[in-house]
Number of protein chains: 2
Amino acid sequence: MDQNVFDDPRITAIGLLFEAGAGLSARFAAQFEEHGLSPVEFEVLMRLTRSPGHQLRMTDLAAQTSLSTSGVTRVVDRMERDGLLRRRACPSDRRSSYAVVTAAGLSRLDDTLPGHLRIIEEWFTGQLAPPQLEALLDGLRRVRDAVHPGATAGSTEPAPADC
Amino acid sequence: MDQNVFDDPRITAIGLLFEAGAGLSARFAAQFEEHGLSPVEFEVLMRLTRSPGHQLRMTDLAAQTSLSTSGVTRVVDRMERDGLLRRRACPSDRRSSYAVVTAAGLSRLDDTLPGHLRIIEEWFTGQLAPPQLEALLDGLRRVRDAVHPGATAGSTEPAPADC
DNA sequence: GAGCAACTATAGGCATAGCAATATTCCCTG
DNA sequence: CAGGGAATATTGCTATGCCTATAGTTGCTC
């Protein structure tokens, strides 16, 4: 085992990226919890709400989050039980069903977002001078586009209009 | 619900950070699996191996990873069963025990690291020109230091010499 | 030196999420 | 229009990790 590996600039770099992400994640999770949401539930709420009609097919929701389809089934189960979402059958394809954000879901997201944005600003974007931030984001964009797991909003084709 | 929220630069920024991280994580996980390691196991192996004596008390290991103490107990259980680690009692404090990397653990890490470094380079550091990368890392360092969960190597006081 | 609070590791119970299997539906091909 | 392969959502099983409780140890205070 070569001890020098730990000083490898690649190890340093990836360590920075993940430690920054972990620190932010922890703060996000704490704030989500104040509003009765888990990180995954918040993500689902965001993805659905930013989609046309505040809805998405289960499969598409899975593709846009880090969840598997069975994971989506279960998260939607929970959120439906809590009244944040409801399922709606797709009239044109009886295999598909849509997860739709309810008024309660929108309201919950409304309550949660201001604090969320405040945390992002306090611990991330506000830590850097504007040009520094731009440079950081440019780099991240580059990496994101390279590894792109297809998670960018709108990357999947819009759902059929009749659904 | 204000649709403009989704165009908020803070949302964009945090999205970039997390999508980049998620894409890299997925690739790492696939490569770890080729070597019979989970991401958490790799992290444990790294933290221990970079520590003096290739060992760390359970509590310190928990502090340096994203795991709780009970989580560490169980990961070390598995890795000990697989022969990658062993437990060693601390002679000066009978409450504590150390997780120590075995020869098999070092060898496993040796096998895994080259591919890991290759992935970092291919999808992260190699995606950017050197000055771009420096700018990105400067920004990340700034954010990391702000949110610092105390995970930086060597941040915890060195273990008593007799342990 | 007896009592007590803090610390350390572990075990039990619980929640979450992935994989594989399943049932249903769709669509294409002949 | 019949049949087979692909797609969709769900469920069972399993693995993982957190929270809480527990047992043992330490060190401080009186």
Side-chain angles (χ1 to χ4, degrees), chain A residues 22 25-26 28-30 32-33 36-44 48 55-82 84-100 149 156-157 159-160 162-163, chain B residues 22 25-26 28-30 32-33 36-44 48 55-82 84-100 149 156-157 159-160 162-163:
Chain A
S25 290
F28 291 156
F32 293 153
E33 200 171 3
L37 292 174
S38 72
V40 168
E41 287 164 354
F42 177 81
E43 188 186 1
V44 164
L48 289 178
Q55 62 185 319
L56 229 36
R57 295 189 318 161
M58 301 295 276
T59 302
D60 296 334
L61 184 53
Q64 291 192 17
T65 58
S66 53
L67 288 168
S68 65
T69 61
S70 64
V72 164
T73 292
R74 297 198 159 106
V75 176
V76 172
D77 281 347
R78 295 197 296 272
M79 297 178 74
E80 192 172 32
R81 181 167 40 70
D82 294 345
L84 302 174
L85 306 180
R86 64 185 178 83
R87 279 179 169 83
R88 192 171 69 79
C90 173
S92 70
D93 185 341
R94 290 161 61 193
R95 293 170 303 182
S96 295
S97 59
Y98 276 69
V100 192
T156 50
E157 76 291 342
D162 58 356
C163 280
Chain B
S25 289
F28 290 156
F32 293 153
E33 200 170 4
L37 292 174
S38 72
V40 169
E41 287 163 354
F42 176 82
E43 188 186 1
V44 164
L48 289 178
Q55 61 185 319
L56 229 38
R57 295 189 319 162
M58 302 293 277
T59 301
D60 295 334
L61 184 53
Q64 292 192 16
T65 59
S66 54
L67 289 167
S68 66
T69 61
S70 64
V72 164
T73 292
R74 298 207 153 98
V75 176
V76 172
D77 280 348
R78 295 198 297 273
M79 296 178 74
E80 191 171 32
R81 181 167 40 70
D82 294 346
L84 302 174
L85 307 179
R86 65 185 177 83
R87 280 179 169 83
R88 193 170 71 78
C90 173
S92 71
D93 186 341
R94 289 159 63 191
R95 293 171 301 182
S96 296
S97 60
Y98 277 69
V100 191
T156 50
E157 76 291 340
D162 58 355
C163 281

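Heavy atoms of A:Thr73 sit under 4.0 angstrom from at least one base atom.
Distance CG (B:Asp60) to C1' (C:dA9): 13 Å, rounded to an integer number of Å. Whole-Å rounding puts the A:Asp77 CG to C:dT16 P distance at 11 Å. One can place CD of A:Glu33 at 14 Å from P of D:dC18, the figure rounded to the nearest angstrom. Protein atom CG of A:Leu61 is 15 Å distant from nucleotide atom C1' of D:dT10, rounded to whole Å. Rounded to a whole Å, the CZ atom of A:Arg57 is 9 Å from the C1' atom of D:dA7. Spacing between atom OH of A:Tyr98 and atom P of D:dT10 amounts to 14 Å, rounded to whole angstrom units. With rounding to whole Å, B:Arg88 atom CZ is found 16 Å from C:dA9 atom C1'. The CE atom of A:Met58 sits 18 Å away from the P atom of D:dA7 (whole-angstrom rounding).
By the side chain to side chain contact (heavy atoms under 4.5 Å, CB included) test, B:Ser96 pairs with B:Arg57, B:Cys90, B:Asp93, sequence neighbours left out. In terms of the side chain to side chain contact (heavy atoms under 4.5 Å, CB included) criterion, residue partners of A:Glu80 (sequence neighbours excluded) are, by chain and number, A:Arg86, A:Arg87. Scored by the side chain to side chain donor-acceptor pair (under 3.5 Å) test, B:Ser68 finds B:Ser70 as partners (sequence neighbours excluded).
Between A:Thr73 and A:Thr69, the closest side-chain pair of non-hydrogen atoms is not below 4.5 Å. Contact check for A:Val76 versus A:Leu61: side-chain heavy atoms found under the 4.5 Å cut-off.
Axis angle across the helix from C:dG1-D:dC30 to C:dG30-D:dC1, with five pairs used at each end and values rounded to 10°: 10°.
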Quiz item: What string of B, S and - do you get for nucleotides 17-27 of chain C, 5' to 3', if B is base contact, S is sugar-phosphate-only contact and - is no contact with any protein heavy atom under 4.0 Å?
Solution: SBB-----BS-
Please write out the pairs of protein N or O atoms and N or O atoms of nucleotides 2-5 of chain D separated by less than 3.5 Å, giving the distance to one decimal.
none

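Between the CG atom in B:Leu48 and the CG atom in B:Leu85 there is a gap of 6.0 Å [rounded to 0.5 Å].
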Enumerate, atom names and distances included, each donor-acceptor pair closer than 3.5 Å involving a side-chain atom of residues 36-43 of chain A, sequence neighbours excluded.
from	atom 1	to	atom 2	distance (Å)
A:Ser38	OG	A:Glu41	N	3.1
A:Glu41	OE1	A:Ser38	N	2.9

